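Given the structure is predicted, the values throughout are model-derived calculations rather than measurements. Order of the sequence lines fixes the chain letters, A, B, ..., with proteins taken first and strands second; residue numbering starts at 1 for each chain. These values consider heavy atoms only, across backbone and side chains, with no hydrogens, waters or symmetry-generated copies.
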There are 2 protein chains.
Amino acid sequence: MRTEGRAKRLPRAVRERQIMDAAVDVFSRLGFYSASMDEISEVAGISKPMLYAYLGSKEELFATCIRREATRMMEAIATGVEPDQEPDVQLWSGLRAFFGFVGENRASWMVLHRQASTQGGPFAIELTDMRGRAVSLVAALLTQSTKAPATKLEAESLAAALVGAGESLADWWLDHPEEPAGVVAARLMNLVWMGFGDLVDGNVWHPPSRR
Amino acid sequence: MRTEGRAKRLPRAVRERQIMDAAVDVFSRLGFYSASMDEISEVAGISKPMLYAYLGSKEELFATCIRREATRMMEAIATGVEPDQEPDVQLWSGLRAFFGFVGENRASWMVLHRQASTQGGPFAIELTDMRGRAVSLVAALLTQSTKAPATKLEAESLAAALVGAGESLADWWLDHPEEPAGVVAARLMNLVWMGFGDLVDGNVWHPPSRR
DNA sequence: CAGTAGTCTTACTCGCGAGTAGGTACCAGG
DNA sequence: CCTGGTACCTACTCGCGAGTAAGACTACTG
């Protein structure tokens, strides 16, 4: 894009945002290793030393990206769900918020899930951390809804499975973008709440009419 | 490990297997990019040119690893499930076979899932292919079991979610190896067959007493 | 119109790792 | 005991990309 000439002078905070945006873009397209600092700086419309001056090393930059996007996503979800409602409704709102976020932030999602989960580096920490928060959230939801999951371990593993199902379905969705977010969310809701057993018998889950 | 001296002369086929084993090991520990051909050759107890002579470039090697491990796994699963049983029993056998395989082939699983899924390179093809086969399998299982999933797209997305749940739960399991495979498999079975809704009410799924 | 603090650049160094050139040891069969 | 073929090696080339040195341009502040 930007090819020649000196970049216009901008305050540090603004530049940092530009750089982060560029980094998320490039990382999501190329992955951590294939992405080069040269390309990021070019996309950001800036020279490499600036990048290093502001955001540190490549690893730091990547970790920062993950942290930022993870936070954005967790906030989007937290905003969508009200904690004093019925468990199924909470789950439903959470799922909708999640798929809504992914749908409107594909790049963020790629960085978060497809890229970060693999590299065993220092970023895995950030990612594992966020994922852990998500899992705990769901696990709490489960535990709170009475009897079923006896042990803590059981609740956690079920939550992990659910989160994984969500992630995987989101990935699938990237390849089938024609489906609207609500439909995909509803499908997962049915799967995890009703189960195949009920679905096979034609029993489906419906959101309470209001909302 | 092996430090000096010329390696004993071995027939090509044997060496190739050794190299593949070493490659799977190293790739699973380090990931595609961080793994170096030098290290693989060292672990294999062989020199680099041999590696290139037998298995081609790094990308080819990796793709070959994925293909081999994917085949092993699909076979393990196919062996475990008998196609003329009730859907829930089929699913149950499939899950057990899957978790059994992962439990006994952690390295393979890492290469398959954690590594390959990320890098957008030529390997993604192999992986996507295998995943596609798994998804189709489950989707067929779903469709066959009557009414519920009306459209092909719906069955496929549910299958994707289920496969993802399995993958994710397998990953979780890697960090909680104290749980036996059967327990983890049963948990997922309950989740996807009964659903949280039933679980919360204390309804659980039991395998038919025989097997 | 200095001085100085912060923005921004060109033009390097330098190590690491993919891939190779050009052999050497070893085992057939003639 | 040569002659080839196949397993195997040491010792390189070479490009790419992370990270940096050294300075130049701009804009306030007094």
Spell out protein contact along nucleotides 12-24 of chain D as letters: B when the base is contacted, S when just the sugar-phosphate is, - when no protein heavy atom is under 4.0 Å; keep the 5' to 3' order. ------BBBB---
To the nearest Å, give me how far apart CG (Leu55(A)) and P (dC8(C)) are. 13 Å
Could you state the CG-P distance from Leu10(A) to dC25(D), rounded to the nearest angstrom? 19 Å
Distance, rounded to the nearest Å, where Leu51(B) contributes CG and dC9(D) contributes P: 11 Å
OP1 or OP2 of dG6(C) sitting under 4.0 Å from any side-chain N/O of Tyr54(A)? no
Decide, yes or no, whether a salt bridge links Arg68(A) with Glu16(A) under the criterion of side-chain N to carboxylate O below 4.0 Å. no
Could you measure the distance from the OH atom of Tyr54(B) to the OG1 atom of Thr64(B)? Nearest 0.5 Å is fine. 15.5 Å
If the cut-off is 4.0 Å, is Arg15(B) near the phosphate of dC8(D), judged by side-chain N/O to OP1 or OP2? yes
Identify the residue among Phe101(B), Phe99(B), Phe98(B) that makes a ring pair (Phe, Tyr, Trp, His ring centres under 6.0 Å) with Trp109(B). Phe98(B)
Is Arg12(B) side chain donor-acceptor paired with the dT6(D) base, going by distance under 3.5 Å alone? no
Residue list, side-chain hydrogen bond (donor to acceptor under 3.5 Å, both in side chains) with Gln18(B), at least two apart or on another chain: Arg15(B)
Measure from NZ on Lys8(A) to C1' on dA27(D) and round the result to the nearest Å. 13 Å
Any side-chain to backbone donor/acceptor pair from Ser28(A) onto Asp25(A)? Under 3.5 Å, distance only. yes
So which nucleotide from dC9(D), dA25(C), dT26(D) ends up closest to the side chain of Arg9(A)? dT26(D)
To the nearest angstrom, the CD1-C1' distance between Ile19(A) and dT7(C) comes to 11 Å
Are any side-chain N or O atoms of Trp173(A) and backbone N or O atoms of Val184(A), one a donor and one an acceptor, separated by less than 3.5 Å? no
